[in-house]
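So the structure is just underneath, and the comments pick up after that.
All values reported here derive from a predicted model rather than from experimental measurement.
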Amino acid sequence: MKYNININSVVVEKRSMTISITGEFLDETINSKFLSTPKVILYFDNGEEDRRIPLVIRFRDITYIDGKCMFSGQYSYRLDYLFWKTRGKGLPFTLYFNLSFADFYAEKVPIKVAPPEFTQDKKFFELKECGDHFEITSKMDKLNGYRRRGTIVSIFDSFMKIVALIYSVVMIPIFVIEGLLTFTGFKSMPSKIESESKLKRLVSYIIYRISKVSRENLTMDGYKRSLIRRKYKHKKHKNVQPNKITFFSARREEISGNFEFVYNKLKDDKNLDINFLFNTKSFRYMTRKEIDDFTEACATSKVIILDEFTPQIHLIDIKPETKIVQLWHACGAFKTFGFTRLGKPKGSPQPTRMHRNYDYVTVSSEYCKKCHSEGFGIATKNVVPTGIARTDIFFDEEYKENFRKKFYSEYPNLKDKKIVLFAPTFRGDLKSSARYPMELFDINEVCETLGENYAVIIKHHPFITEQHPIPEEYKDRVIDLSESTEINDLLFISDVIISDYSSLVFEASLLNIPMLFYAFDLQAYIKSRDFYFDFKLYIPGKICTNLYTLLQAIKEEDFEVEKIERFRNMFFDDLDGKSSERIANLIYSCLE
């Protein structure tokens, strides 16, 4: 594929760099209905740590015509927030550009980096054009001086906050009157205040107004965040115990998933002090004891093992001798997340510290390294293709057979039927707004079209609380297991999988199960969420945009199964059932 990339301007001012580009991809397959999105990745490297961060290209700035895709992008980057582990060293670094579009991907592309507009104040950073890349040097003495001045500014800000807090307390009678007026309709109540109790709404409103005026987060959430920081500060002086491992999860209440598989590889070692902390509560509901236990573990553990985004761990500066291993729950690299969504809804803002203190993230393949490095904002070398621990079960024939026996003993009427597993993901941005248009998978039409030989298992995403309507006459061959049964286990009895954008497809590829992708809103989903790879080119099955074509594909067994092998090889390096063992070895290396 041919391309032209032009850097129009680079402006360095104080600690930020603003870069503007235009470009085009040229290929005969491109047309006005093309769904691939061009991606330009800024690739920074200081010799010890690298960083991949997207150049923001908005959909309104992309144009597709026959044979050509034209695009433009501009964004400002804080140069002092690029690196995490080496952020205090002031190392010189380089900037190259990586490109991705459809099935094209290239790193350090040979483009001219001498833009018509190139200005810099050279106060904290200096850029030098070097053919196809920039060389950047930081002036640590001036940056450190800025930070010292920042301390003085912080002291002044703290004083002003005290003044504002005193003023807000004086204003409480006014806030009470305002709160009472919300009950009469003369003043609206903020949408975030939803309690049914009038008294609780009034108190919440007063706290809300005090927080606004004083610029202090006086909510219980803000208080608990502050408490975590203070508690850890007091415990930080404690010695790290060289054999202490703590599994901490904010998404599960008992050992399961990746944790269970890795723990089984470690549990017989009597030299290890293995601990578990499971807490699915949000900050505001954590008790003082739970906060105390968490900060104690962070201060004294040699290895902390996570399995999901854990906001508590990013509030504090973990000691360098403590290693954080993130056993990310999802296989492969599918929907974009974190820093890859820079400039988009629910994307991580560039200055955030979230995710960036991981020492290691385990992934399923070498291909995934660049995706997770970019999404988490960490160095590529910190992403390790060990495989995903919980996928070891797919190579355990005894376990699979035992589950089949158990399932058919519970649902004997399904034993002689072809089972269709319907497992879509949710729509919406948050758990509270999660939804799925169930009318688009009408059980009447599904059962009438497929006939008596087929049974359907419904497995909605855990965020979906609404029950899928199942007519009484079909309850003998349609069951909803959304609230029970591990979804991976259901793959062992499935003949066909219907999904859309769920990462379940990675696990299904390990079993070579035929898949159909009911992507009725693909274009809208790409615009709102997007993928790390081209959905149409790489997805391991047939794409259907309406229920009729979906059901016809099942009847005709038109699954495009030839796509599965390429997909599986792309996202799994080792098909041996030993991922847990490799992760255990990684943990042991952290203990050394």
Side-chain angles (χ1 to χ4, degrees), residues 1-10 17-31 34-45 50-65 67-77 82 93-116 127 129-136 333-344 347 350 365-375 377 379-380 383 526-527 529-538 570:
M1 184 173 290
K2 297 180 180 179
Y3 62 86
N4 295 308
I5 305 293
N6 297 307
I7 300 178
N8 299 327
S9 67
V10 175
M17 176 188 70
T18 302
I19 186 166
S20 173
I21 70 162
T22 55
E24 60 182 11
F25 282 95
L26 304 135
D27 192 275
E28 60 183 11
T29 62
I30 299 172
N31 56 55
F34 214 66
L35 290 182
S36 294
T37 55
K39 296 177 175 64
V40 179
I41 309 300
L42 278 61
Y43 180 74
F44 298 91
D45 191 348
D50 64 0
R51 175 78 192 277
R52 303 166 190 269
I53 189 165
L55 194 142
V56 175
I57 299 172
R58 305 183 192 281
F59 280 94
R60 65 172 179 266
D61 298 321
I62 304 174
T63 303
Y64 301 94
I65 59 175
K68 185 183 293 187
C69 171
M70 298 170 288
F71 60 92
S72 62
Q74 177 175 309
Y75 205 73
S76 294
Y77 302 87
L82 290 175
F93 53 96
T94 57
L95 166 59
Y96 285 89
F97 295 87
N98 301 340
L99 294 181
S100 175
F101 183 65
D103 58 353
F104 171 83
Y105 176 77
E107 298 209 345
K108 297 184 177 181
V109 295
I111 62 175
K112 187 179 179 181
V113 295
L127 270 66
E129 304 164 21
C130 299
D132 62 350
H133 69 279
F134 290 105
E135 291 185 356
I136 307 169
F334 201 16
K335 294 167 285 191
T336 59
F337 68 94
F339 290 101
T340 302
R341 297 188 55 73
L342 191 70
K344 298 178 181 178
Q350 198 218 332
S365 74
E366 190 74 22
Y367 174 86
C368 298
K369 288 182 66 172
K370 63 179 184 293
C371 305
H372 286 76
S373 167
E374 179 185 313
T380 312
V383 184
I526 289 175
K527 285 186 176 181
R529 187 68 190 263
D530 209 358
F531 302 92
Y532 280 106
F533 57 84
D534 186 284
F535 189 87
K536 281 192 169 183
L537 289 177
Y538 289 100
M570 183 176 178

**OP:** For Ile62 and Cys69, work out which heavy atoms get closest and say how close.
**Re:** CG2-SG, 3.8 Å
Original post:
Quick one: does Leu82's side chain get under 4.5 Å of Gln350's, heavy atoms only?
Top reply: yes
Subject >> ring-ring contact (aromatic ring centres under 6.0 Å, His included) partner of Phe334, chosen from Tyr538, Tyr367, Phe533 >> reply: Phe533
**OP:** Please round to the nearest 0.5 Å and tell me the distance separating atom CG of Asn31 and atom OH of Tyr64.
**Re:** 10.5 Å
**OP:** Report the C-alpha separation of Leu35 and Phe535 in whole Å, then their side-chain angles, then the decisive distance to 0.1 Å, and conclude whether the side-chain contact (heavy atoms from CB on, under 4.5 Å) test is met.
**Re:** CA-CA 8 Å; Leu35 290 182; Phe535 189 87; over 6 Å; no
Subject >> For Lys39, all residues meeting side chain to side chain contact (heavy atoms under 4.5 Å, CB included), sequence neighbours excluded >> reply: Thr37, Ser100, Asp530
Subject >> Minimum-distance pair of heavy atoms, taken over all atoms of Tyr96 and Thr94 >> reply: CE1-OG1, 3.9 Å
**OP:** Could you walk me through whether Ile53 and Tyr75 pass side-chain contact (heavy atoms from CB on, under 4.5 Å), step by step?
**Re:** CA-CA 11 Å; Ile53 189 165; Tyr75 205 73; over 6 Å; no
Original post:
What pair of heavy atoms forms the shortest contact from Ser373 to Ala379, and how long is it?
Top reply: OG-C, 3.8 Å
Original post:
With Leu55, which of Val40, Asn98, Ile41 fulfils side-chain contact (heavy atoms from CB on, under 4.5 Å)?
Top reply: Val40
**OP:** Return yes if some donor-acceptor pair links the side-chain N/O of Ser365 with the main-chain N/O of Met570 below 3.5 Å, else return no.
**Re:** yes
Original post:
Between Tyr532 and Phe337, what is the ring plane arrangement, given parallel below 30°, perpendicular above 60°, and tilted in between?
Top reply: perpendicular
**OP:** Return the minimal non-hydrogen interatomic distance between Phe339 and Gly377, and the atom names on each side.
**Re:** CD1-N, 3.5 Å
Subject >> Least distance between heavy atoms, Tyr3 atom then Pro110 atom >> reply: OH-CD, 3.5 Å
Original post:
Considering residues, nucleotides and ligands other than Lys344, do more than 12 of their heavy atoms fall under 6.0 Å from its NZ?
Top reply: yes
**OP:** Working to the nearest 0.5 Å, report the span between SG of Cys371 and NZ of Lys335.
**Re:** 14.5 Å
Original post:
If every non-hydrogen atom of Leu127 is compared with every non-hydrogen atom of Met17, which pair is closest and at what distance?
Top reply: CD2-SD, 3.7 Å
Original post:
Measuring from Thr22:OG1 to Gln74:CD, what's the distance to the nearest 0.5 Å?
Top reply: 11.5 Å
Original post:
Is there a side-chain contact between Phe101 and Asp27, using heavy atoms and a 4.5 Å cut-off?
Top reply: no
Original post:
Quick one: which of Arg52, Glu374, Arg51 gives a side-chain hydrogen bond (donor to acceptor under 3.5 Å, both in side chains) with Thr380?
Top reply: Arg52
Subject >> Rounded distance (nearest 0.5 Å) linking atom CZ of Phe97 with atom CD1 of Ile7 >> reply: 3.5 Å
**OP:** Starting at CD1 of Ile65, measure out to CD of Glu24 and round the result to the nearest 0.5 Å.
**Re:** 8.5 Å
Subject >> Aromatic ring proximity His133/Phe44, centre distance under 6.0 Å >> reply: no
Original post:
If only atom types and distance count, is the side chain of Asp132 paired as donor or acceptor with the main-chain N or O of Ile111 below 3.5 Å?
Top reply: no
**OP:** For the pair Asp50 and Tyr43, evaluate side-chain hydrogen bond (donor to acceptor under 3.5 Å, both in side chains) and give the outcome as yes or no after the intermediate values.
**Re:** CA-CA 7 Å; Asp50 64 0; Tyr43 180 74; 2.9 Å; yes
**OP:** Please round to the nearest 0.5 Å and tell me the distance separating atom CG of Leu95 and atom SG of Cys130.
**Re:** 11.0 Å
